[in-house]
Each structure stands twice: as structure tokens, then as C-alpha cells.
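Below is one structure, written out as C-alpha cells; the observations come after it.
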Amino acid sequence: MIGVISVLVLAWLIIGAIAAGQRGYFTHAAQNCASSATTAMTVIAGPLNYMGTNPKVAGCDIPHPSMPQPSR
């Protein structure tokens, strides 16, 4: 049973990667957080891309690590 589920998940992700490739996300996308997130969401959406789903991430803010305060 686990083998069947693994094959289905792999096929789902391959279809999503094909959809992302057809949209040019691997070659023509800008190199920023939003385009990387959009590419990832397209791959995760899998076959839903061919049913009208077009996931887009408008912006993403990555929190910067805070600097530790010196001890007194």
C-alpha cells in the first residue's frame, strides 16, 4: 500500500514540475523569494495546474535574525 501511495505522490510532483517548466519558472523566473515560492507552489499543486489553478506568491518577507545583545 505504501508503494502505491509513493508512486502516486511522485507522479503528482512530476506533473507539477512539468507544469512549472511549461510556464518557464525554471528558466525565466526572477531569482527572488516570491518566484521561488511560486515555483514550489506550482510543483505542489501538481495536476491541479491543468484544471485552472495558477498559484502565485506576490511577496514574501524573510525575517532577518536578530543580533544578540551583549551581556552586561
Side-chain angles (χ1 to χ4, degrees):
M1 184 68 177
I2 293 175
V4 173
I5 293 172
S6 298
V7 169
L8 289 175
V9 168
L10 183 62
W12 183 278
L13 295 175
I14 289 171
I15 292 170
I18 291 169
Q22 288 175 339
R23 294 178 181 175
Y25 290 162
F26 295 125
T27 56
H28 303 301
Q31 300 297 319
N32 58 33
C33 179
S35 66
S36 297
T38 298
T39 302
M41 291 303 299
T42 300
V43 171
I44 292 170
L48 298 176
N49 289 294
Y50 296 107
M51 296 179 191
T53 304
N54 189 13
K56 296 270 186 197
V57 177
C60 56
D61 297 320
I62 300 174
H64 298 289
S66 61
M67 295 296 292
Q69 299 296 322
S71 59
R72 296 179 186 223

[X] to [Y] - nearest heavy-atom pair and separation:
X     : Y     : value
Thr38 : Pro55 : CG2-O, 3.4 Å
Ala34 : Ala58 : CB-O, 3.9 Å
Val43 : Ala20 : CG2-CB, 4.1 Å
Ile44 : Leu13 : CA-CD2, 4.3 Å

Practice task
State, with a plain yes or no, whether a side-chain heavy atom of Arg23 is found less than 4.5 Å away from one of Asn49.
Solution key: yes
Cluster overlap [X] with [Y], hydrophobic side-chain contacts below 4.5 Å:
X     : Y     : result
Val9  : Ile14 : no
Met51 : Ile18 : no
Leu10 : Met1  : no

Practice task
Could you tell me the separation between the OG1 atom of Thr53 and the CE atom of Met41, rounded to the nearest 0.5 Å?
Solution key: 10.0 Å
